[in-house]
Novice: 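Dropping a structure here in C-alpha cells format, bear with me for questions.
Computed over heavy atoms, backbone and side chain alike; hydrogens, waters and symmetry mates excluded.
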Amino acid sequence: MREYNVAILGATGAVGMRMVRQLEDSTVPVKNLKLLASSRSAGTKIEFKGEEIEVEETTPDSFEGVDIVLASAGGGTSKKFLPEAVKRGAVCIDNTSAYRMDPDVPLVVPEVNVDQLANHRGIIANPNCSTIQMVVALQPVFEKFGLNQIVVSTYQAASGAGQSALNEFYGQAQDYLDGKEMSADILPTKGDKKHYPLAFNLLPQIDVFEEDGSTHEEWKMVHETKKIMLNDMDATDIKVNATCVRVPVAVSHGESVYFEVEDKSATKEDIQRVIDQFDGAVLQDNPDHQVYPQPITAEGKRSTFVGRIRADQENPGCFNMWVVADNLLKGAAWNTVQNAEELVKRDLVRVPEDYYRG
C-alpha cells in the first residue's frame, strides 16, 4: 500500500491539535508527518503515534515532498500557502472559509457529496461547522422524500470562534461567579466594533452583519447548504433560512431545524428510519425516556446526533428536529481527515494538470 507524506498547517491550534489525533486514528497510511505553524509556535513538540514531532515555521518550501495538506490556520494563511503547496504537488483540504465559495473548489461533506472530490484541482474545502452537521442530518431526508425548505436556528458553542474565544468565555464565567465584572474583547466577532460577554448570555450575532441584516454566518449556512446539496450556491430548488446564535457552551453546536419535504405522505417514523440508517448520523430520539442529543454527550465523538423529530401538526409535510455535533471534530478536524481518507480510497491524491492557481 502506498504511504503518504502529510502536513498539518496550523498544527498547534484547537482544530489542528485535533487533526493530529484524528489522523492518528484514521485509515490514511502516513509515511511522514510534518507539523506547521507560525514562527510563534515553531519549536513546540506534539506526539504522533508515540513519536515527538517538532512544529516548524511555515514557508512555501515546507510543502516540498508533501502529498496531503490538512489546513486550519486562518483564511489568510490558507490563501498565502495552499497555492504554494499545490504548485509543489500536494492536495490540500482546507478548514477555513478561504475557498468554500470558489466555484473551482469542491465543498465536501463525505456522507453527502463525496463524489465531488473527483473534481478537485488541488484544493478541497471543508464547510462551516454548523452547515456540516445540518446537511448530514438532512441528506437522507432529501434523498428519500425531497426537500422544499429549511429553516434553522443554531446554538453554537464558544469554541467555534477559536481557542482564544473559549478561554475568554471560561474567564468570564469565573469572573461572574466571583462577583466581578466580565470583560469582552473577542465575541460576538473580532471584526466588529462592540464586544459582549458570552458567559450567562446569548449572542444573536456570529460574524459581521450583511446589508440585509443577516450575519455572514447565516449567509454561509444558506449558500454552503445549496452548494453541497445542489452543487450550486445560488440554487432555488431548496429555500434555506438561518438564524445563528452563540451560546454559553464550550464544545458542540446544537441546531433546531424545521424543514418541508416534497413527499407529503412522509411520516415522523419515516424520517426517523432514514436518518437512523444513514452513515454518520445517530438517532437519539425517545421522548418517553428523555433521550435526545446534548452537546455534553456529543463532545469527542465523530457522529452527528439527531432527535426530537416531530411533525408540524398545522402544516402537512413539515417537520422539526434537533441536531448536535462536536464542532471541532465532525465540524472541522474529523471532516478534514475523513476527506483525506476518501481521497486515498479513491486514488485521488494527485494534482491535475489544470491545477488551482487562485
Novice: Angle class for the Trp219/His223 ring planes (parallel below 30°, perpendicular above 60°, tilted otherwise)?
Specialist: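 Tilted, since the angle between the ring planes falls between 30° and 60°.
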Novice: Classify the side-chain pair Gln205/Asp192 by whether it contains a donor and acceptor separated by less than 3.5 Å.
Specialist: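 Distance-only check passes for Gln205 and Asp192.
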Novice: Look at atom NZ of Lys239 and say whether more than 12 heavy atoms of other residues, nucleotides or ligands are closer to it than 6.0 Å.
Specialist: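 Open.
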Novice: Supply the atom-to-atom distance Leu329 CG to Arg21 CZ, rounded to the nearest 0.5 angstrom.
Specialist: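 Answer rounded to 0.5 Å: 12.0 Å.
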Novice: Distance check, rounded to the nearest 0.5 Å: Ile132 atom CD1 versus Ile228 atom CD1?
Specialist: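 If I round to the nearest 0.5 Å, the distance is 7.0 Å.
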Novice: Verify the cluster assignment for Val349 and Leu82: are they in a single hydrophobic cluster under the rule of side-chain heavy atoms below 4.5 Å apart?
Specialist: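 Yes, same cluster.
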Novice: Quick check: do Leu187 and Phe169 have side-chain heavy atoms less than 4.5 Å from each other?
Specialist: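 No. Closest side-chain heavy atoms not under 4.5 Å.
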Novice: Just so I know, are the side chains of Val112 and Phe142 near enough to count as touching, which here means a heavy-atom distance under 4.5 Å?
Specialist: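 Not in contact.
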Novice: Taking only residues at least two apart or on different chains, which pairs with a member in residues 89-105 satisfy side-chain hydrogen bond (donor to acceptor under 3.5 Å, both in side chains)?
Specialist: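 Only Ser72-Asn95, Ser78-Asp94, Asp94-Thr96, Asn95-Asn126, Asp102-Tyr356, Asp104-Arg121 qualify under side-chain hydrogen bond (donor to acceptor under 3.5 Å, both in side chains).
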Novice: Is the backbone N or O of Thr189 less than 3.5 Å from a side-chain atom of His195, with the two atoms forming a donor-acceptor pair by type?
Specialist: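 Yes, the answer is positive, given that a donor and an acceptor are paired below the 3.5 Å cut-off.
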Novice: Would you kindly say whether Gln174 and Lys180 are connected by a side-chain donor-acceptor distance under 3.5 Å?
Specialist: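 Their side chains do not contain a donor-acceptor pair, so the 3.5 Å distance test is not met.
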Novice: Going from CZ on Arg310 to CG on Asp285, what distance comes out if it is rounded to the nearest 0.5 angstrom?
Specialist: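 So the CZ of Arg310 and the CG of Asp285 are separated by 9.5 Å.
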Novice: Does one hydrophobic cluster hold both Leu107 and Ile68, with members joined at side-chain heavy-atom distances below 4.5 Å?
Specialist: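 They do not share one cluster, since no chain of ILVMFWY contacts under 4.5 Å joins Leu107 to Ile68.
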Novice: In Å and rounded to the nearest 0.5 Å, what is the CD to CG distance from Glu260 to Leu147?
Specialist: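 These two atoms lie 9.0 Å from each other.
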Novice: What I'd like to find out is whether the side chain of Leu283 reaches to under 4.5 Å of the side chain of Ile309, using heavy atoms alone.
Specialist: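 Contact flag for Leu283/Ile309 side chains = yes.
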Novice: Once side chain to side chain donor-acceptor pair (under 3.5 Å) is applied, do any residues pair with Asp207, and if so which ones, sequence neighbours excluded?
Specialist: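 In terms of side chain to side chain donor-acceptor pair (under 3.5 Å), with neighbours along the sequence ignored, Asp207 is linked to no residue.
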Novice: Please tell me if the side chains of Pro106 and Asn113 come closer than 4.5 Å, counting only heavy atoms from C-beta onward.
Specialist: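 Heavy-atom side-chain distance check fails, nothing below 4.5 Å.
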Novice: Can you tell me if Asn119 and Gln116 form a side-chain donor-acceptor pair at under 3.5 Å?
Specialist: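 Checked: Asn119/Gln116 side chains pair up, N/O donor to acceptor below 3.5 Å.
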Novice: Quick one: name the residues clustered hydrophobically with Phe305, using the 4.5 Å side-chain heavy-atom rule over I, L, V, M, F, W, Y, and just say none if it's on its own.
Specialist: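 Joined to Phe305, directly or through intermediates: Val282.
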Novice: If you link I, L, V, M, F, W and Y whenever their side-chain heavy atoms are under 4.5 Å apart, who else ends up in the same group as Met182?
Specialist: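 Noted: Met182 shares its cluster with Tyr176, Leu177, Phe200.
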Novice: Classify the side-chain pair Glu342/Gln338 by whether it contains a donor and acceptor separated by less than 3.5 Å.
Specialist: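 Note: Glu342 and Gln338 side chains miss the donor-acceptor criterion.
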Novice: For atom NZ of Lys49, decide whether the heavy atoms of other residues, nucleotides or ligands shown that lie under 6.0 angstrom number more than 12.
Specialist: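 Result for NZ/Lys49: enclosed.
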Novice: Check for me, please, whether Val15 and Ile186 land in the same ILVMFWY cluster - side-chain distances under 4.5 Å, paths through other members count.
Specialist: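 They do not share one cluster, since no chain of ILVMFWY contacts under 4.5 Å joins Val15 to Ile186.
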Novice: In this structure, are over 12 heavy atoms from other groups packed under 6.0 Å from Glu181 atom CD?
Specialist: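 Not more than 12 within 6.0 Å, no.
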Novice: Between Gln172 and Asn201, is any pair of side-chain heavy atoms under 4.5 Å apart?
Specialist: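 Of all side-chain heavy-atom pairs linking Asn201 with Gln172, none is under 4.5 Å.
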Novice: Looking at every heavy atom in both Ile46 and Leu35, which two are closest together, and how far apart are they?
Specialist: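 Here Ile46 and Leu35 meet closest at CB-CD1, 3.6 Å.
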Novice: Tell me which one of Leu348, Asn339, Val86 satisfies side chain to side chain contact (heavy atoms under 4.5 Å, CB included) with His120.
Specialist: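 Only match with His120 under side chain to side chain contact (heavy atoms under 4.5 Å, CB included): Leu348.
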Novice: Under the rule for side chain to side chain donor-acceptor pair (under 3.5 Å), what residues qualify as partners of Glu217, not counting sequence neighbours?
Specialist: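 In terms of side chain to side chain donor-acceptor pair (under 3.5 Å), with neighbours along the sequence ignored, Glu217 is linked to Asn128, Ser130, Gln156, Lys220.
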Novice: Any chain of hydrophobic side-chain contacts (each under 4.5 Å) joining Phe48 to Val28?
Specialist: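 Same hydrophobic cluster.
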Novice: Of Val344, Val30, Val91, Val66, which is the lone residue that meets side chain to side chain contact (heavy atoms under 4.5 Å, CB included) with Tyr4?
Specialist: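 Going through Val344, Val30, Val91, Val66 one by one, the side chain to side chain contact (heavy atoms under 4.5 Å, CB included) with Tyr4 is satisfied by Val344 alone.
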Novice: Would a 4.5 Å heavy-atom cut-off, applied to side chains only, mark Tyr292 and Pro287 as touching?
Specialist: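 They are not in contact (no side-chain heavy atoms under 4.5 Å apart), so the answer is no.
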Novice: Starting at CG of Asp279, measure out to CD of Gln139 and round the result to the nearest 0.5 Å.
Specialist: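 Answer for the CG-CD pair, Asp279 versus Gln139, is 12.0 Å.
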Novice: Before accepting this row, confirm whether a basic side-chain N of the pair Arg88/Glu84 lies closer than 4.0 Å to the acidic partner's carboxylate O.
Specialist: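 Yes, this pair counts.
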Novice: So does Asp270 pair up with Lys144, basic N to acidic O under 4.0 Å?
Specialist: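 Not counted as a salt bridge, because no side-chain N and carboxylate O are separated by less than 4.0 Å.
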Novice: For the NZ atom of Lys87 and the CZ atom of Arg357, what is their distance to the nearest 0.5 Å?
Specialist: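 The distance works out to 9.5 Å.
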Novice: Could you tell me if the side chain of Phe81 sits less than 4.5 Å from the side chain of Pro60, heavy atoms only?
Specialist: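 Pro60 vs Phe81: side chains touch.
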Novice: Would the distance check show the side chain of Thr304 and the main-chain N or O of Ala281 forming a donor-acceptor pair, the cut-off being under 3.5 Å?
Specialist: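 Not a single qualifying donor-acceptor pair exists.
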Novice: Can you get from Ile93 to Tyr355 by hopping between Ile, Leu, Val, Met, Phe, Trp and Tyr side chains that sit under 4.5 Å apart?
Specialist: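 Linked, Ile93 and Tyr355 end up in one cluster.
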Novice: Pair Asp61, Thr59 - check side-chain hydrogen bond (donor to acceptor under 3.5 Å, both in side chains), show working.
Specialist: CA-CA 5 Å; Asp61 289 338; Thr59 69; 5.3 Å; no
Novice: Taking only residues two or more places apart in sequence, or in another chain, which ones meet Trp322 in a ring-ring contact (aromatic ring centres under 6.0 Å, His included)?
Specialist: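 Partners of Trp322 by the ring-ring contact (aromatic ring centres under 6.0 Å, His included) criterion, ordered by chain and then number, come out as Tyr155.
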